[in-house]
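Heads up, the thing below is written out as structure tokens.
Numbers restart at 1 for each chain; the letters A, B, ... are given by sequence-line order, proteins then strands.
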2 protein chains.
Amino acid sequence: MPTISDVARAAGVSMSTVSYVLSGRRPISAETSARVRAAIAELGYHPHAGARALASSRTSVLALVVPLRADVNVPVIMQFVTAVVTAARRYHHDVLLLTKDEGTAGLERVAGATMVDALIVMDVEGDDVRIPALGRLKQPSVLIGLPDDPAGIACVDLDFAATARECLTHLAGHGHRRVALVGPSPSVYERGTTYAQRFLDGFTDASAELGLETVAHSCEPGADGVRDCLAWIDSEQPGTTALLVHNEDALVPLLDELRARGRSVPGDLSIVAVCPRDVATSLPVKLTSADIPAHDVGTLAVETAMALLEGRKAPGTRLLPPTIIERDSCGPLS
Amino acid sequence: MPTISDVARAAGVSMSTVSYVLSGRRPISAETSARVRAAIAELGYHPHAGARALASSRTSVLALVVPLRADVNVPVIMQFVTAVVTAARRYHHDVLLLTKDEGTAGLERVAGATMVDALIVMDVEGDDVRIPALGRLKQPSVLIGLPDDPAGIACVDLDFAATARECLTHLAGHGHRRVALVGPSPSVYERGTTYAQRFLDGFTDASAELGLETVAHSCEPGADGVRDCLAWIDSEQPGTTALLVHNEDALVPLLDELRARGRSVPGDLSIVAVCPRDVATSLPVKLTSADIPAHDVGTLAVETAMALLEGRKAPGTRLLPPTIIERDSCGPLS
DNA sequence: TTGAAAGCGTTACCAC
DNA sequence: GTGGTAACGCTTTCAA
């Protein structure tokens, strides 16, 4: 493997000149630059990442911590991951993948060893034990999610409360007065990832503001969970004309069950789902949905990390506004 | 951040002693070792990864290249990823995540910069352009998949040909004589990831050996794709009594469609699926399945990479034997 | 069983 | 616009 000094010799310049050609941190004459670049190409030179990290104390690597739990929607996680990797590459960074089950130790390990410039942490809980640990690191971090006390922390997420409000407003605009929320599985609420609660809060508030009659219920996984949830809604609030579904995994069994019961969508029942675009459009009924902008959130997390690194920005919360996409599952009250 | 020399001073020993305590590469008296460890804990010392990589030319990082395409089953990919990350940690390695769309350049970048010790590459195609590039790297690599010419390359995968054979044998054992293969989407065959073809070859061979009547057809995504595929099978081979489904995404719409047609499983039609355990068990009918051992394959890929790094092993192909798990979708011929 | 010191390949400061 | 060179923090050989 050629080193920077090989390149310098081949180009007839000093090591520092080669370094500056590469970093652009000082002006180099066009001619010299060309000669250096030619030598680099000729020798197939790649700067040694470790040496560079040692000398510059920057690694060009971002840590990304992903959850592995069963009650997360795996394709959505993967959308975040690909968005983060893709965005990181635009900033000439790579991504080191950590799993949440390493906990605080994992963060301290990669940060302590100076393996990364910044950390992006997914699946943040309300009172996440990792948050104090992140505060002690010398690297900045960005949370995807919103803890109970986000003061002084960089957070990025969808505005779930506003999303719930928008969905209800949409349904009310179609004349619906009795709406039920089909929520995530109980384990999601219990675990303390706050998005479920924030959505529920927005739902409750907007329901009062709009003068709607509403109920909300969590929904266990699988066809049985859906049936139980529907039964609960039927008994608790008969005459419900619209469902707001905040549970990707419930959608397929839900549509199945409704079809089995002979209830048409949106004829007999309107549905608004909270889910990524591709799942909304891949179901038998194209669902009117509030988008989960995994790609945007992941990209924004990377941009925030970069801004933090460059001191362009102070930590703070950024919640993305909701987007309702009208499709075929939400009709006027019949 | 404390350095090794801070630790050395605190413990009253030399830098090299600290280094050897950490690496275990030479005997250290229990007493000295204890003093050093105490100092390390006290100071919160972490070796600097870049400095270590520079001095030792080892990074303790593995590159993992994942596909981002639409026609892959995302949860399966994620199973590979988590298996690789988890196994890598057991060997004190971290994982740098690359996407396949960076192509050859991505491999050359991280290898050239000495960011990783070895590379694990998923979604290998028959005539993958990345293979010659991998051969030029100074780091070893492990393919998950099997290219057309695997000579001299470390490859790990499920033995898809044997899997097809086992499935047919299983069905034949239940008395089925007319079987249809519901294959992956045509794009999978076209792209050249070889597992689809290997499965099909095994299917064809075993069909002849067992004296079965069989047909095979690819299956486009979605409910329409499934209907088309079933229609094709019905017209091409009437009297088919069993389906071998090598397409995770087709399973839900397939079971839907059969139910809609009033055909019971396994009463009217037996099914063997090729899919991960969790999808086989999460459907309305618990499917008899040939397992996709993503966890095992990912783990084995890491172990192979480690063996290669330590010179414990020469490159070569390792195909995991199939496992058929009997559940409720495969009955005797009625 | 331990220490000293020569690298490892960059970056970035100080000169010119 | 360019060159020289001291760090950066560790591993590992050579010596004792």
(request) Select from B/V13 and B/A51 the residue whose nearest nucleotide in DNA chain C is closer to the 5' end of that strand. (result) B/V13

(request) Report which part of the nucleic acid B/R25 touches: base, sugar-phosphate, or nothing (heavy-atom distance under 4.0 Å, all strands). (result) sugar-phosphate

(request) State whether the side chain of B/S33 and the backbone N or O of B/S29 hold a donor-acceptor pair below 3.5 Å, judged by distance alone. (result) no

(message) Nearest whole Å is fine: how far is D/dA15 C1' from B/Y20 OH?
(response) 12 Å

(message) What is the separation between atom CE on B/M15 and atom P on D/dG9, rounded to the nearest whole Å?
(response) 10 Å

(message) Under 4.0 Å between a side-chain nitrogen and a carboxylate oxygen: does that hold for A/R318 and A/E303?
(response) no

(message) With a 4.0 Å cut-off on N to O distance, would you call B/R198 and B/D159 a salt bridge?
(response) no

(request) Could you check A/G12 against B/R58 and say which one's nearest nucleotide on DNA chain D is further toward the 5' end? (result) A/G12

(request) Decide yes or no, distance alone: a donor-acceptor N/O pair under 3.5 angstrom between the base of D/dG3 and the side-chain of A/T17. (result) no

Name every donor-acceptor pair, under 3.5 Å, that has one atom in a side chain of residues 131-140 of chain A and the other anywhere in the protein, sequence neighbours excluded.
unit_1	atom_1	unit_2	atom_2	d
A/K138	NZ	A/T114	OG1	3.2
A/Q139	NE2	A/A111	O	3.0
A/Q139	NE2	A/V116	O	3.1

(request) Compare the minimum distances between each of C/dC8, D/dT12, C/dG3 and the side chain of B/S56, then state the nucleotide with the smallest one. (result) D/dT12

(message) What is the distance, to the nearest angstrom, from the OH atom on A/Y45 to the C1' atom on C/dG9?
(response) 7 Å

(message) Base, sugar-phosphate or nothing for A/S16? Non-hydrogen atoms, less than 4.0 Å.
(response) base

(request) Classify the side chain of A/R26 and the base of D/dG3 as holding, or not holding, a donor-acceptor pair under 3.5 Å. (result) yes

(message) From CE of A/M115 over to C1' of D/dC10, roughly how many Å is that when rounded to an integer?
(response) 15 Å

(request) Would you classify B/T32 as touching base, sugar-phosphate or nothing, given that sugar-phosphate means primed atoms plus P, OP1 and OP2, and contacts are heavy atoms under 4.0 Å? (result) sugar-phosphate

(message) Looking only at the side chains, is there a donor atom on one of B/S14 and B/T17 sitting less than 3.5 Å from an acceptor on the other?
(response) yes

(message) How many whole angstroms separate atom NE2 of B/H48 from atom C1' of D/dA7?
(response) 13 Å

(request) Give the rounded distance in Å between these two atoms: CZ of A/R35 and P of D/dG3. (result) 8 Å

(request) Respond yes when some side-chain nitrogen or oxygen of A/S14 is under 4.0 Å from OP1 or OP2 of D/dG3, and no when none is. (result) yes

(request) Name the closest nucleotide to the A/S19 side chain, picking from C/dT2, D/dC8, C/dT11. (result) C/dT11

(message) Nearest whole Å is fine: how far is C/dA12 P from A/I4 CD1?
(response) 11 Å

(message) Please tell me if A/S29 has a side-chain N or O lying less than 4.0 Å from either OP1 or OP2 of D/dT2.
(response) yes

(message) Nearest whole Å is fine: how far is D/dT2 P from A/L22 CG?
(response) 15 Å

